[in-house]
Amino acid sequence: MPDTQTKPKTVNFTKKTKRMNFHVLGDRRMILVRQYWKYNYSEKKGASKWTSKEKKAFHKNIEKVIRAAWGGKFVLDVDGDSDFAKYYDKKPFSVKFDIDPKNSGAHWTIQAIKIPKGGFSRSWVNWGKQTIQLDTEDMVEVNKGGGTGVTQSGAAHEFGHTIKSPDEYIGITFHRFQKKSIMHSGMKIKKRHAKYLVDQLNKMIPGTKFKVTKVK
Amino acid sequence: MPNELARNYTAKADDTYENVIAVLGAPDVLERFRMRRGLKEFRIELRNFFTDSELDDNAPMIREATWKLSADENYTIWFVEKGDTATVLDQFRWSPGMEF
């Protein structure tokens with residue numbers, strides 16, 4: 001059945017924030033969330049010095065893990081009285097993520113720690129200071145106490161903090177019982193993990209609201 | 001202990017819990033847990049101190065003590081319990097703004 005609604009002149013919108021940029025790409029029915037990361041490197045005892053090849057591979061592998069965990073998972077519907085909302089009614093958008101290294105003007109500063117294979121190092125995100133610490137074992141899924149067969153990659157979990165999803169294994173909400181959640185001890189994405197993204201998107205286009213309808 | 005002194009203090013490996021609190025005072029938060037393989041990120045570095053077989057067979061109890069030194073700094077020391085004694089295993093200074 002042909003579209004009765006006229007396609008608006010403008011279907012692409014961009015919003016730059018302190019911690020990430022949002023691109024609404026109407027023609028591709030996609031929301032692209034892009035973060036720029038500035039890397040600092042160090043090694044823990046027992047690990048050899050970073051090589052330039054390892055630094056490149058680290059970023060590539062971290063992005064791969066994050067995209068695999070989070071990319072294309074959120075499906076958003078559009079609602080509202082704007083021409084954009086009327087045109088994209090019942091035409092869902094998917095959310096993709098992109099992380100690019102950048103030396104100046106980055107959103108986040110990353111402390112990348114090289115550790116011995118099979119070792120453990122604490123990773124964290126400080127939202128207020130826009131800093132992240134990750135290590136060379138953070139691409140590996142490990143047991144975080146979520147039960148038999150439940151594992152989690154540090155990089156995928158920490159990325160959730162950069163889109164303002166809190167840890168769910170602490171606190172008083174019922175989320176602390178959902179051990180398979182990526183913000184608890186597993187890798188499962190939930191609708192609530194898109195809350196911050198949707199809040200930001202809903203400030204971008206007047207008369208237009210996005211809503212997560214499902215997680216793929 | 002005055003916060004300024006606490007900020008410059010570093011617990012020595014194998015120092016006892018009693019010796020540490022004699023210097024720092026009682027911690028603001030104290031937890032105990034049995035050491036195991038599946039640890040959350042905040043505690044994950046403790047895995048470096050034990051082999052898998054040590055964790056499978058009668059794993060030790062850990063005492064986790066945290067002092068809130070300032071609005072921007074917490075100091076956590078982990079002690080491993082052996083019999084009646086608890087000795088320093090690991091330590092970490094961190095900002096309350098960090099999420100693990």
Side-chain angles (χ1 to χ4, degrees), chain A residues 44-47 111 113 115-135 137-138 140-171 176 179-186, chain B residues 10-14 27-57 59-62 64-80 88-100:
Chain A
K44 274 213 167 152
K45 193 178 167 182
Q111 191 57 45
I113 317 274
I115 65 173
K117 209 150 176 55
F120 299 91
S121 176
R122 205 173 283 115
S123 297
W124 46 258
V125 171
N126 190 321
W127 173 268
K129 295 188 177 173
Q130 294 164 251
T131 51
I132 305 172
Q133 180 157 300
L134 294 169
D135 62 73
E137 292 291 293
D138 271 332
V140 179
E141 287 196 29
V142 295
N143 176 1
K144 293 277 181 79
T148 308
V150 180
T151 54
Q152 182 182 84
S153 89
H157 172 86
E158 299 306 332
F159 183 76
H161 290 312
T162 75
I163 56 171
K164 221 171 187 224
S165 282
D167 283 320
E168 292 173 355
Y169 52 82
I170 50 177
R176 74 185 191 281
K179 292 186 177 183
K180 291 181 182 174
S181 163
I182 199 167
M183 299 315 297
H184 197 303
S185 306
Chain B
T10 300
K12 292 186 181 64
D14 296 334
D28 294 294
V29 181
L30 182 64
E31 290 187 51
R32 280 178 85 232
F33 58 90
R34 180 141 334 254
M35 191 59 209
R36 57 189 180 276
R37 293 193 204 208
L39 291 179
K40 298 296 182 281
E41 200 65 26
F42 180 67
R43 295 171 174 168
I44 200 124
E45 289 195 20
L46 300 180
R47 288 285 312 266
N48 293 324
F49 294 93
F50 301 96
T51 63
D52 284 352
S53 59
E54 284 172 328
L55 296 181
D56 289 342
D57 186 24
M61 288 299 289
I62 303 293
E64 179 182 278
T66 299
W67 288 263
K68 295 178 184 180
L69 300 185
S70 72
D72 200 44
E73 189 179 15
N74 290 339
Y75 182 29
T76 297
I77 305 176
W78 291 274
F79 301 83
V80 59
V88 172
L89 182 66
D90 198 13
Q91 55 196 295
F92 178 46
R93 288 179 184 270
W94 51 286
S95 163
M98 287 176 177
E99 290 179 290
F100 301 89

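Residue numbering restarts at 1 for every chain, and letters A, B, ... go by the order of the sequence lines. Quick caveat, the model's predicted, so the values are computed rather than measured. We use all heavy atoms of the structure for the numbers below, so side chains are in, but hydrogens, waters and symmetry mates are not.
Residues satisfying the side-chain contact (heavy atoms from CB on, under 4.5 Å) test with A:Pro116, not counting sequence neighbours, are A:Ala47.
With a 4.5 angstrom heavy-atom cutoff, B:Leu39 touches chain A only via backbone atoms.
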Which donor-acceptor pairs fall under 3.5 Å between chain B and chain A:
residue	atom	partner	partner atom	Å
B:Lys40	NZ	A:Lys144	O	2.6
B:Lys40	NZ	A:Ser185	OG	3.0
B:Glu41	OE1	A:Lys144	NZ	2.9
B:Glu41	OE2	A:Ser123	N	2.8
B:Phe42	O	A:Arg122	NE	2.7
B:Glu45	OE1	A:Lys44	NZ	3.3
B:Glu45	OE2	A:Lys44	NZ	2.8
B:Glu45	OE2	A:Arg122	N	2.9
B:Asn48	OD1	A:Phe120	N	2.9
B:Asn48	ND2	A:Phe120	O	2.7
B:Asp72	OD2	A:Lys129	NZ	3.1
B:Glu99	N	A:Val125	O	2.8
B:Glu99	O	A:Val125	N	2.9
B:Phe100	N	A:Asp167	OD2	3.2
B:Phe100	O	A:His157	NE2	3.3

